[in-house]
Amino acid sequence: MSEQERDGGAYGADLGPLGAESVQRMRAGLRQIQELHGRMERLLDAILAISSELELNQALRTVVEVSADLVDARYGALGVLDEQGQFSDLVTYGVPDEVADAIGRMPTAHGLLAELVSRPRPMRIDDVTTHPAFRGYPASHPMMKSLLGVPVLVRGTVYGNMYFADKRGGGPFTGDDERLIAALASAAGVAIENARLYERIRRGAESFQRSLLPELPDMNGLRACARYRPSTAIPPVGGDWYDVVMLPDGVACLVVGDVMGHDVRSAVVMSQISNMLRVIAYELCRPPSRILARLDEVLHGLHGGPMATVLVARLEERGDTEWLLRWSSAGHPPPLLVTDDGAAFYLRAEAGHPLGVAPDLPRPDHEQVVPAGSNLIFYTDGLVEEPPEGIDAGMADLARAAAELRDVPLEEMCDRLLAHRGERFCDDVALLAMRVAAPAALRS
């Protein structure tokens, strides 16, 4: 007897038709378990990916893409509801951008969507056109048949809903599909809740930080503009500041600085240093190096010398058509000068040592002639730090951008200099810019 016949006798003839059918069912069951195990692994990977993603929109996009893949859906969407129950954001899958634009980016809560919003529980429909709440599709909307929808809930609060349509392989959505999507919807809800909590913290911290920064004074006709941008990291407060002090001799004293550290204490120390510097600059009315030296002495005596970088400058008239910039730096990035012909260059000179290092060491002063029509830009390193490229690449980008924007209104220039970095800042930014006219024109 052959081996094949022995196997057939053992597993075919001996078991009979019912035994062979049981083996087939067992094999099918094992395949289902293997498939379910694979889906669970992908589910866990997706939840980990969502948890590690700091950008909310990208996290929600990850949720939709992974969910659609897990349930083999052709189309998917995640709608975010605001506190008034209206859709404030929508992330889609499987719908081309031009189609989404034609439909309208924000859905309206009516029909089946109204069912999901008003009755936040899972919904599985094999044919949406037969459902009593179906109101038809808007123009340009893809025709869909089956639907799986689940609410995005966290502790009873509805943050939105997820819905998927039309399995690629055909057939209806299953209970396993529903349970997988419900798990990912919970992860999406936590991401949305955390993002809203972060935004409330960020707004409060930014308001606190801005309350510590000064209003720019009347500068005898000189035009200046200042901007502050908090870090997008937590905590969104830090020690960056700008200031302008009109001295008794009529000269504008320009200041930009950065207390080392990134927390509320840094912001408080920043406020203390800024106030001390104002008083010292006004009373001494001396070269910037003397102001920094005296500030370092006072800080060392009162606070043990907090670490900070600061740049102090005086902008003095030099005849009828030019200015003279005198400055001293305590380890701060150099000013950027952009002339009216588009030349942009950093005023690189000995940077000196930061405050809090060695108060007894001498500090040098530097000078630069500034032609009328030029832009002067003072900034903190958050504006030019671009990991992983490094600060040199960031400074080169800032110089190019400032040269291109030299003729736009000063306020617009400052806004666009911030915007050229994008939406994410690894550190907070203080920016002070001046556009200088001819001294004679200001006196006339």
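The two residues V338 and A403 come nearest to each other via the heavy atoms CG1-CA, 3.9 Å. Summarising the geometry of R435 relative to V408, their closest heavy-atom pair is NH1-O, 2.7 Å, with the distance given to 0.1 Å. Of all the heavy atoms in L299 and M276, the pair that sits closest is CD2-SD, 3.4 Å. The shortest heavy-atom contact between H332 and G257 is CE1-CA, 4.0 Å. Of all heavy-atom pairs spanning D166 and Y75, the tightest one is OD2-CE1, 4.1 Å. Nearest heavy-atom pair, L292 versus S328, reported as atom, atom and distance to 0.1 Å: CD1-O, 3.5 Å.
Remark: R406 pairs with no residue by the salt bridge (Lys or Arg N to Asp or Glu O under 4.0 Å) rule, at least two apart or across chains. Not a single salt bridge (Lys or Arg N to Asp or Glu O under 4.0 Å) links R348 to another residue, sequence neighbours left out. A search for ring-ring contact (aromatic ring centres under 6.0 Å, His included) contacts involving H353 returns nothing, not counting sequence neighbours.
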_With salt bridge (Lys or Arg N to Asp or Glu O under 4.0 Å) as the criterion, how do R229 and D428 come out once you've worked through the C-alpha distance, each side chain's angles and the decisive distance to 0.1 Å?_
CA-CA 6 Å; R229 176 68 62 86; D428 47 340; over 6 Å; no

*Might you work through the salt bridge (Lys or Arg N to Asp or Glu O under 4.0 Å) test for E412 and R416, ending with a clear yes or no?*
CA-CA 6 Å; E412 181 184 347; R416 290 173 65 177; 2.9 Å; yes

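A donor-acceptor contact closer than 3.5 angstrom links the side chains of T380 and D240. Side-chain contact, T174 with D176: no donor N or O sits under 3.5 Å from an acceptor N or O.
Using cut-offs of 30° and 60° for the angle between ring planes, the Y379 and Y346 rings count as perpendicular.
Residue L81 forms a side chain to side chain contact (heavy atoms under 4.5 Å, CB included) with just one option from V158, D89, T157, V152, and that option is V158. With respect to R223, the side chain to side chain contact (heavy atoms under 4.5 Å, CB included) criterion is satisfied by exactly one of L216, N375, L410: L410.
Under a 3.5 Å cut-off, the side chain of H420 and the backbone N or O of L417 do form a donor-acceptor pair. Between the side chain of D72 and the backbone N or O of K167 there is no donor-acceptor pair closer than 3.5 Å. In this structure a side-chain-to-backbone donor-acceptor pair under 3.5 Å is missing from D127 to S146.
Looking at M219 and M434, their side chains come closer than 4.5 Å, going by heavy atoms from C-beta outward.
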